[in-house]
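What follows is a set of notes on a single structure, which appears directly below.
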Protein chains: 2
Amino acid sequence: MPLVTIEADPQRSPTPSETALTRRVDLTTLRLFIAICDEQNLTRAAQREGIAASAVSKRMNDFELAFGVTLFKRLAKGMALTPAGEALLHHARVTLLNVEKIAVELSEYAHGVRGHVRMLANLSAIVQYLPEDLSAFFAGHGLLRVDLQERPSGQVVRGIEEGAAEIGICSGEADSRALEGFHYRTDHLVVVMRPDHPLAGRESLAFTETLDFDHIGLHTASSIYLRSQYAATQAGKGMRLRINVPGFDAVCRMVQANMGLGLIPDCAFEVVGAGMGLSAIPLRDEWGRRALKIVVRDAVHLSATGRLMLDHLRAVEADRRDDDL
Amino acid sequence: MPLVTIEADPQRSPTPSETALTRRVDLTTLRLFIAICDEQNLTRAAQREGIAASAVSKRMNDFELAFGVTLFKRLAKGMALTPAGEALLHHARVTLLNVEKIAVELSEYAHGVRGHVRMLANLSAIVQYLPEDLSAFFAGHGLLRVDLQERPSGQVVRGIEEGAAEIGICSGEADSRALEGFHYRTDHLVVVMRPDHPLAGRESLAFTETLDFDHIGLHTASSIYLRSQYAATQAGKGMRLRINVPGFDAVCRMVQANMGLGLIPDCAFEVVGAGMGLSAIPLRDEWGRRALKIVVRDAVHLSATGRLMLDHLRAVEADRRDDDL
DNA sequence: TTGTTGTTGGAATCTCCTGCCAACGATTTG
DNA sequence: CAAATCGTTGGCAGGAGATTCCAACAACAA
């Protein structure tokens, strides 16, 4: 008696042929395929994976047959990829990497971890506030883990929109479109300089006063860079930029090397530049007070752990403001 | 406990326990798992996937046992995810999405396609040159396919570095670090305006002449926006920005709506704004000639198809320059 | 030419995985 | 209390996949 094929639910979205093909992919085949690509040799690949060579050969044949594609050029000594094979290799690699992430993450849960929160944040937040805020969070929720990646503010928004992470922290001026936003922190920009700089010793500075000197810029996508450019423009003067560097520490080192003035947030200076013998003078301009905001796609439908993190970040900020009063 | 998960080193040889766990993941289980999450109900999920409920139940139990993790809270009516389940759900989704890509791409090869090239490019290249260049490429290589994504120049570089694509096209001024670069095209910026604008009718314009009027900016990460800001700054004047929009077409529509001047590449204007009854006047400034460059990680080790594309793009540009002579 | 080595591919066999059916316990609903 | 849902368990059967053995083939050395 042949197998009775079960009628699939008619309202399922993918077409029958698509699902049929999708089902013919399996992870061991992908693993073996990658092994062959690495070794360029089926026999060695089989050994490495602890399986008979003929079994591997069969799998590959079946796979090629199923998709009607040739993956390898069978050469006298070894196997070489066809274009189709190269395409598969690329996707197979990322798929298996993902599977590995699954295994790692789940085994973390098995060892007591109770939840993950995926976050994106800009440099300012990561350098200045997140270390302490996250550490406080872990104190209360020792069994949670955080997966944090740095991106410029614009990309943070994009990542949250696309679901790459649950919670994002970016500049308050970033266009967060349809996302929900909450106030996080306000930092204050300071002008970093060598103690022998003409401006050193001042109580505070207006940005325009700095425009007669060389500046060191952050990378061009950073909101500090964009905002200071804009401010210079508004002031009707130019910013004399000598170099753009990727991080606050790099800015400070450039300042130290007498390349010019740096413009970074106050807390970042304390963390990064304090021990470097530099001076930091507060910026008097209104835009020197920069808001950072928390963005989420939908606060109501956050995961339980994401909710915890969001509440924590907001509570920390609220406490801090209470203390200031 | 580490605060932040470290990115896995791709070269790392997996530990025995890891591989053991990795092997226990399989795609049908993931598919079923997702179905259960969608339906919040094992029985319906089983129906949807055309499989007996008992089989699904057993698979889930075995999976949970293998990882020592509870994925669901079994409720009287349906199943609800635990935090571990939510973590799995996220990864399972992207994994299956990837598998689907595999199936789609391979079946393309089965239907005659002979190769894929993954590309990243900035907006200027995509709007102005790639349509014709790619179409010429297809004329010669009808069986190849191109996977093209738009990103700002900085992200193009990043994507190529990370292996997200083989070939990138970005602004000549972008910092391409360790990548190999080749000249691609040079475009010329034009100032777009309504025919009734005071500046209309001029032969050419210096950028400084436009600074007395309102401007419409591209999105803040775009190189045109960054460069024009910088130029305004250098000129010691401000740019009166009324709005930032995401594309060249949007710029033209804003110009049409009398919001101010736009600054876009000449070819983009021909393509996008020609039929809108607008005037375009060339920018006289040196930086109005913008180089676009092709970037690759390593030209020697490109795939055969990638090599074809690179050669084509470079040849097209060489021909074009010969024609100009 | 001939033998050796290393390679892929095929046939027969066997094992174990996995899905089906039917029955059961638990809980809610009428 | 019965009926309806829902998830789980056990027995059974079929098949996918692995193993072993063998054939075909190319490259290379004697």
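Quick note: numbers below take in every heavy atom, side chains included, and nothing from hydrogens, waters or symmetry partners. Proteins come first, then strands; the chains are lettered A, B, ... in the order of their sequence lines, and each starts at number 1.
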In whole angstroms, how far is the [atom2] atom of [N] from the [atom1] atom of [X]?
X: E39(B); N: dC6(D); atom1: CD; atom2: P; value: 11 Å
X: L42(A); N: dC25(D); atom1: CG; atom2: C1'; value: 15 Å
X: Q40(B); N: dT5(D); atom1: CD; atom2: P; value: 18 Å
X: R24(B); N: dC17(C); atom1: CZ; atom2: P; value: 10 Å
X: I51(B); N: dC20(C); atom1: CD1; atom2: C1'; value: 10 Å
X: K73(A); N: dA26(D); atom1: NZ; atom2: C1'; value: 18 Å
X: Q47(B); N: dC6(D); atom1: CD; atom2: C1'; value: 12 Å
X: I36(A); N: dT7(C); atom1: CD1; atom2: P; value: 13 Å

Item checked: Donor-acceptor pair between T22(B) and R31(A) side chains, under 3.5 angstrom ->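 Judged by distance alone, the side chains do not pair up.
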Mind listing the closest non-hydrogen atom pair of [X] and [Y] along with its distance?
X: A121(A); Y: L130(A); value: CB-CD1, 3.7 Å
X: A103(B); Y: F67(A); value: CA-CE2, 3.8 Å
X: V156(A); Y: N122(A); value: CG2-N, 4.1 Å
X: F182(B); Y: A299(B); value: CZ-CB, 4.0 Å
X: R158(B); Y: E150(A); value: NH2-O, 3.9 Å
X: I102(B); Y: L88(A); value: CG2-CD1, 3.5 Å

Item checked: Between the first and last five pairs of the helix from dT1(C)-dA30(D) to dG30(C)-dC1(D), the angle of the axes, rounded to 10 degrees ->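 Answer for the end axes of this duplex: 20°.
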Notebook entry, point to check: Contacts to DNA chain C from residues 53-66 of chain A, heavy-atom cutoff under 4.0 Å, which residues?
Noted result: S54(A), S57(A), N61(A)
Item checked: Reported CG-to-CD distance for the pair L89(B) and E86(B), which is rounded to 0.5 angstrom -> 7.5 Å
Next item on the list: May I ask you to verify if any side-chain N or O of N41(A) is less than 4.0 angstrom from the OP1 or OP2 atom of dT7(C)?
Entry: yes
Check: Are any of T43(B)'s side-chain N or O atoms less than 4.0 Å away from OP1 or OP2 of dG7(D)?
Finding: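 For dG7(D), OP1/OP2 do have a side-chain N/O of T43(B) under 4.0 Å.
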Notebook entry, point to check: In a check of side-chain contact (heavy atoms from CB on, under 4.5 Å) between M119(A) and each of D147(A), I169(A), I294(A), which one passes?
Noted result: I169(A)
